[in-house]
Amino acid sequence: MRWDVSAWAIVALLLFGMEVLAPGAFMLWLAFAASAVMVIVWLVPGLSFLLQAVLFVGLGFVSILIYRKWFRGNDDVVTDQPALNRRAAQLIGRVVPLERAIERGTGRVQIADAYWEVRGPDLPTGASVRIVGADGMTLNVEAVE
């Protein structure tokens with residue numbers, strides 16, 4: 001067997017192995033590029049090492065672009081629970097009593113076992129407020145009549 005075909009087979013296997021040990025889909029695509037170079041070198045004998053390296057870099061670049069375009073670009077997935085990991089967003093619309101009065105625009109509410117800072121109009125302790133938004137870990141509230 002030719003050394004160049006064997007070398008690219010070893011590179012591809014090493015990259016596949018690295019992907020198995022530390023999954024993240026990055027080495028997988030470089031392994032596909034190394035496999036493609038191995039097939040090209042097997043089909044077209046006599047390619048210089050420089051051309052083989054250029055092919056690997058080019059195919060690696062293309063395969064990673066393919067991964068980013070078609071396999072990783074699922075950021076706009078529509079879900080039935082859009083606030084699943086956004087606790088403050090899950091609270092919007094709830095009506096809760098103030099645990100500490102809102103003075104100079106800030107106060108505090110207790111929801112379950114957690115205390116939340118709130119921002120809204122000045123209101124006394126115990127007044128009911130509706131959560132209308134969130135800014136980080138601070139809830140924006142309005143008075144409930």
Side-chain angles (χ1 to χ4, degrees), residues 4-44 47-145:
D4 49 358
V5 175
S6 299
W8 285 109
I10 290 169
V11 168
L13 287 174
L14 286 173
L15 288 167
F16 280 125
M18 289 171 64
E19 179 67 24
V20 168
L21 293 176
F26 186 78
M27 294 297 170
L28 177 69
W29 295 91
L30 291 178
F32 288 150
S35 299
V37 171
M38 179 193 70
V39 170
I40 292 169
V41 168
W42 178 63
L43 292 174
V44 184
L47 289 177
S48 71
F49 178 73
L50 179 61
L51 185 56
Q52 293 175 28
V54 168
L55 277 171
F56 175 67
V57 169
L59 289 171
F61 183 72
V62 168
S63 66
I64 290 171
L65 284 178
I66 289 170
Y67 160 69
R68 291 187 69 176
K69 173 96 172 139
W70 282 291
F71 296 101
R72 189 171 167 228
N74 295 334
D75 295 338
D76 297 331
V77 174
V78 177
T79 177
D80 61 341
Q81 297 179 355
L84 179 61
N85 290 321
R86 297 178 17 227
R87 180 75 175 126
Q90 293 176 6
L91 300 174
I92 294 175
R94 286 188 66 173
V95 175
V96 294
L98 285 173
E99 191 269 332
R100 186 178 72 213
I102 299 178
E103 296 174 346
R104 292 186 300 278
T106 61
R108 184 167 75 173
V109 296
Q110 181 178 3
I111 301 172
D113 61 346
Y115 291 96
W116 293 81
E117 293 296 316
V118 295
R119 202 176 358 209
D122 288 355
L123 294 167
T125 301
S128 292
V129 293
R130 176 176 289 112
I131 301 167
V132 294
D135 183 20
M137 295 300 293
T138 302
L139 302 174
N140 299 322
V141 297
E142 65 183 15
V144 175
E145 306 292 320

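FYI, side chains are in, hydrogens and waters are out, and symmetry mates aren't considered; it's all heavy atoms of this structure. We're numbering straight along the sequence, starting at 1.
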Under 3.5 Å, is there a donor-acceptor pair between the side chain of [X] and the main chain of [Y]?
X: Glu19; Y: Met27; answer: yes
X: Ser63; Y: Trp29; answer: yes
X: Gln52; Y: Leu47; answer: yes
X: Thr125; Y: Ala101; answer: yes
X: Asp122; Y: Arg104; answer: yes
X: Gln110; Y: Ala112; answer: yes

[X] to [Y] - nearest heavy-atom pair and separation:
X: Gly60; Y: Leu30; answer: CA-CD2, 3.9 Å
X: Val118; Y: Arg108; answer: CG2-N, 3.6 Å
X: Pro121; Y: Ile102; answer: O-CG2, 3.3 Å
X: Val95; Y: Ser128; answer: CG1-CB, 4.0 Å
X: Ile92; Y: Gly133; answer: CD1-CA, 3.9 Å
X: Val37; Y: Leu59; answer: CG2-CD1, 3.8 Å

Just wondering, do [Y] and [X] contact through their side chains at under 4.5 Å, heavy atoms?
X: Trp42; Y: Trp8; value: no
X: Leu91; Y: Trp116; value: yes
X: Leu139; Y: Ile111; value: yes
X: Val109; Y: Val129; value: yes
X: Leu21; Y: Met18; value: no
X: Thr138; Y: Thr106; value: no

Distance col, row Ile131:CD1 vs Asn140:CG, nearest 0.5 angstrom, shows 10.0 Å
Report the distance from atom CD1 of Ile10 to atom CG of Leu15, rounding to the nearest 0.5 Å.
12.0 Å
Show your reasoning for whether salt bridge (charged side-chain N to carboxylate O under 4.0 Å, His left out) applies to Glu117 and Arg100.
CA-CA 9 Å; Glu117 293 296 316; Arg100 186 178 72 213; 3.2 Å; yes
Can you tell me if Arg94 has over 12 outside heavy atoms packed within less than 6.0 Å of its CZ?
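It does not: Arg94 CZ has 12 such atoms or fewer within range.
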Could you walk me through whether Leu55 and Ile40 pass the side-chain contact (heavy atoms from CB on, under 4.5 Å) test, one step at a time?
CA-CA 9 Å; Leu55 277 171; Ile40 292 169; 4.0 Å; yes
Walk me through whether Asp135 and Arg119 qualify under side-chain contact (heavy atoms from CB on, under 4.5 Å).
CA-CA 9 Å; Asp135 183 20; Arg119 202 176 358 209; 3.2 Å; yes
What class does the angle between the rings of Phe32 and Phe16 fall in, given that below 30° is parallel, 30 to 60° is tilted and above 60° is perpendicular?
perpendicular
